Amino acid sequence: MNKLTTRAADYSQWYNELILKSGLADQSAVRGCMVIKPYGFALWENMRNVLDKMFKDTGHENAYFPLFIPKSFFSKEASHVQGFAKECAVVTHYRLKNSEDGKGIVVDPESKLEEELIVRPTSETIIWHTYKNWIQSYRDLPLLINQWANVVRWEMRTRAFLRTSEFLWQEGHTAHATKEEAIEEAEKMLHVYADFVENFMALPVIKGVKSPNERFAGAIETYCIEALMQDGKALQAGTSHFLGQNFAKAFDVQFLNKDNKKEFVWATSWGVSTRLIGALIMAHSDDEGLILPPKIAPVQIVIVPIYKSEEKKALIKEAANALVKKLQKENIRVKFDDRENERPGWKFAEYELKGVPLRITIGEKDLEKNQLEICRRDTKEKQFIALDTDVDFYTNRLQNIHDNLFAKAKAFQQQQITPANSLEEMQQILEQKGGFVSAHWDGTALTEEKIKELTKATIRCIPLNNPLEKGICVYSQQESSQRVLFARAY
RNA sequence: CGGGGCGUAGCGUAGUCCGGUCCAUCGCGCCUGCUUUGGGAGCAGGAGGUCGCAAGUUCGAAUCUUGCCGCCCCGACCA
């Protein structure tokens, strides 16, 4: 009855329905923004906690910088401002008043700000303004800071989780004494992201670097992880940038080295956002609802009781509560849904929609046999096991679901990387099959733009450790030294 | 910014072409009661509405006219 619109019919509609019905988020009153509901936020919190620990384990500390950035800060790094100028929310006034005709509220023209404030689209400028005061000596380096925050980008077209006007993210901003150390940092964080996305979200990614066209505004090199969605479109899941000395020079951040000489610091920045939730939804879910990877699922196991008589109800609750305690002791996030106003069938469908990895059913018949029914969300496979089954069974089963999700997504990703040796072949693959197209490229921005014009596909990345292979560019017929990955992207 | 679609109860909708029989249809949800409970329960009763906003045409507007606002999709755009 509540089955979702099929993916084949309309992928966008399927995706939007999934978000609304599963209780992750609501549409908000503000264009392109969204309300993240408790269930969606619990998911984000789990992701955030894992990432935060990874950052701390690699020597980073958290800090917080202001939401508002004076407009003048943006004029300091030319390519950076060019990249963001078209999508900024600007604060121009600070007061409202009742309108003259008494019919509402208007902005008080008297309250105009002398200098406008920009709602941060990213924090590079205000952070580097601050770093100037924090860094004097080589002893102050490296400076390894991360910030959890919200940012605003006034994109022309928005998409739930993937491109919202306001979104939550973390942004790391580091300063180093040498170029080598900064590059190492940028690469290290890329690997941290890949580790997280693959081992906690069960989503295989391709690590690589961006072509100059697709680079972050102000970066020398942009490293990225690219994921593939079920409709064959690619999604940038995270980026890490080597910024060179661009921001240090723009904000005059220098340090005295051991030889008592002034040098500009070397910088990196890196970030992932709530967009990852969108990636998760699009990569794993089916027409019954979400399928959440066990390691970050807000609820890993849900227990649904089934009973007719009051007397049996008490016995089932007793068994269920004992099981809850047993599982919680192993830090399994378990929920016993003993609501009496919803029927079992309703609960089954509900938790499938919400993507809970494992569902346990304990009924009167089961209790008599000292057993319970366990059903996994990914394969729908059901099985009866003894009530006193060891906790290891459950932890293994959760791990198994993770492995299965990853393997399935990995197989799809591999099957969706197709080599092409001509533009026609490339177009055909993009139209009929989708996914990544591995093709020779002459390395010029012009060619990349032309290919984008003709095929709507962009270079998603040049994979790390990409094998060199002599060939001919699919567009210009010029010599090429390697294949790169093209795809249509979100 | 261009093209398309939409705005009626918490959600989803019928009615709009061709004004009256609409103090507005149906489903989900909600409230009360009883029966139910192993895959989104059944019956009975009930609550809930500035028909996006404003002005106009008319004896009469959800329906026609004008203006405005908002949302969604596609495109352009997008670390």
Side-chain angles (χ1 to χ4, degrees), chain A residues 1-3 5 10-13 15-17 20-21 26-34 79-88 103-104 120-124 151 153-160 162-165 167 169 171-172 186 209-219 221-225 235-243 268-273 275 288-289 304-310 312-313 316 338-353 359-367 371-373 375 380 382 384 452-453 456 458 461 489-490:
Chain A
M1 181 210 298
N2 250 331
K3 238 186 174 186
T5 313
D10 188 334
Y11 200 78
S12 293
Q13 201 183 332
Y15 176 73
N16 286 337
E17 265 186 67
L20 293 176
K21 288 188 177 170
D26 273 348
Q27 215 168 70
S28 87
V30 182
R31 189 209 84 115
C33 293
M34 53 197 285
S79 59
H80 185 68
V81 71
Q82 212 176 356
F84 287 102
K86 285 178 287 182
E87 51 184 48
C88 286
K103 279 190 177 172
R120 61 181 169 218
T122 178
S123 304
E124 267 82 1
V151 288
R153 293 182 190 177
W154 217 258
E155 304 280 3
M156 289 176 190
R157 191 146 123 61
T158 58
R159 237 190 141 82
L162 299 183
R163 195 180 303 105
T164 41
S165 297
F167 57 94
W169 77 343
E171 47 183 324
V209 295
K210 287 288 184 193
S211 64
N213 267 7
E214 299 279 323
R215 247 178 228 151
F216 176 68
E221 186 84 273
T222 289
Y223 299 86
C224 64
I225 48 174
L235 180 75
Q236 179 176 300
T239 49
S240 176
H241 315 286
F242 168 58
L243 301 172
T268 80
S269 72
W270 27 274
V272 294
S273 70
R275 167 178 262 208
E288 314 298 325
V304 178
I306 302 174
Y307 47 79
K308 289 192 177 83
S309 68
E310 286 294 314
K312 295 279 172 63
K313 180 171 97 181
I316 288 170
D338 61 349
R339 284 177 301 170
E340 306 204 358
N341 50 350
E342 303 294 2
R343 296 156 52 88
W346 191 92
K347 291 177 184 173
F348 295 166
E350 174 74 2
Y351 290 111
E352 272 160 23
L353 198 52
R359 185 190 72 225
I360 288 170
T361 314
I362 306 179
E364 296 186 356
K365 294 178 222 161
D366 300 316
L367 215 53
Q371 66 176 22
L372 55 79
E373 186 196 64
C375 175
K380 308 269 174 64
K382 288 177 187 171
F384 290 99
K452 184 180 177 184
E453 241 171 69
K456 291 184 198 159
T458 49
C461 71
Y490 279 103

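Proteins come first, then strands; the chains are lettered A, B, ... in the order of their sequence lines, and each starts at number 1. Keep in mind the model is a prediction, meaning the values are calculated, not measured.
- Counting distance only, with no hydrogens placed and no angle test, the side-chain atoms of A:Glu364 and the base atoms of B:G38 include no donor-acceptor pair under 3.5 Å.
- Between atom NZ of residue A:Lys312 and atom CD of residue A:Glu364 there is a gap of 4.5 Å, rounded to the nearest 0.5 Å.
- Rounded to whole Å, atom C1' of B:U32 lies 15 Å from atom CG of A:Asn341.
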As a check on the pairing definition, encode RNA chain B in dot-bracket form, counting Watson-Crick and G-U wobble pairs whose two distances are under 3.5 Å, and using | for partners outside this strand.
(((((((..(((.......[.....))).((((((.....)))))).....(((((..]....))))))))))))....

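- Distance check on atom C1': B:A55 versus B:A61 gives 14 Å, rounded to whole Å.
- Closest approach of A:Ile316 and A:Pro305 over heavy atoms only: CG2-CB, 3.7 Å.
- The two atoms that bring A:Ala160 and A:Tyr15 nearest to each other are O-OH, 2.7 Å, heavy atoms only.
- With both ends at atom P, the span from B:A14 to B:C6 equals 10 Å, rounded to whole Å.
- Separation of the P atoms belonging to B:A44 and B:G29 is 15 Å when rounded to the nearest angstrom.
- B:G38 atom P lies 19 Å from atom CD1 of A:Ile360, rounded to whole Å.
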Sugar-phosphate atoms are those with a prime plus P, OP1 and OP2; base atoms are the rest. Using that split, label each nucleotide of nucleotides 74-79 of chain B B, S or - for protein heavy atoms under 4.0 Å, 5' to 3'.
SBB-BB

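- At a threshold of 4.0 angstrom between heavy atoms, the contacts of A:Glu352 include nucleobase atoms, whether or not backbone atoms are also involved.
- Rounded to the nearest Å, the gap between the P atom of B:A24 and that of B:G67 is 31 Å.
- A side-chain donor-acceptor contact under 3.5 Å links A:Ser240 to the backbone of A:Ala186.
- Within 4.0 Å of A:Thr361, counting heavy atoms only, lies at least one base atom of the nucleic acid.
- In this structure, the separation between CH2 on A:Trp270 and CZ on A:Phe242 is 16.0 Å, given to the nearest 0.5 Å.
- One finds a side-chain N or O of A:Asn16 lying less than 4.0 angstrom from the OP1 or OP2 phosphate oxygen of B:C73.
- What you find for A:Thr222 and A:Thr239 is that their closest heavy atoms are CG2-CG2, 4.1 Å.
- Applying the 3.5 Å distance criterion, the base of B:G39 shares a donor-acceptor pair with the side chain of A:Lys382.
- Under the 6.0 Å distance and 45° angle rule, A:Arg275 does not count as a cation-pi partner of A:Phe167.
- One atom, CD of A:Gln13, and another, P of B:C71, lie 19 Å apart when rounded to the nearest Å.
- Contact record, A:Ala237 with A:Val272: O-CG1, 3.7 Å, taken as the closest heavy-atom pair.
- Comparing the same atom, C1', in B:U35 and in B:C26 gives a spacing of 26 Å after rounding to whole Å.
- Counting to the nearest Å, the C1' atom of B:U37 and the CG atom of A:Asp338 are 15 Å from each other.
- For A:Glu342 and B:G42, the CD to P distance is 14 Å, given to the nearest whole Å.
- Separating the NZ atom of A:Lys308 from the P atom of B:U36 is a distance of 11 Å, rounded to the nearest angstrom.
- Proximity of a side-chain donor or acceptor of A:Arg153 to a complementary backbone N or O of A:Pro121 within less than 3.5 Å is detected.
- Residues A:Lys313 and A:Glu310 are paired through a salt bridge, judged by an N-O separation under 4.0 Å between the basic side chain and the carboxylate.
- For B:A41, one of the phosphate oxygens OP1 or OP2 lies less than 4.0 angstrom from a side-chain nitrogen or oxygen of A:Arg343.
- Atom P of B:U37 sits at a distance of 46 Å from the matching atom of B:C74, rounded to the whole Å.
- Remark: A:Glu352 does not engage A:Lys380 in a salt bridge, criterion side-chain N to carboxylate O under 4.0 Å.
- On the P atoms, B:G52 is 16 Å away from B:G70, given to the nearest whole Å.
- A:Ile306 places its CD1 atom 17 Å from the P atom of B:U36, with the value rounded to the nearest Å.
- Going from atom NZ of A:Lys365 over to atom P of B:U37 covers 11 Å, rounded to whole Å.
- Look at the P atom in both B:G38 and B:C23: the space between them is 43 Å, to the nearest Å.
- The A:Trp346 side chain lies nearest to B:G40 when the options are B:G39, B:G40, B:G38.
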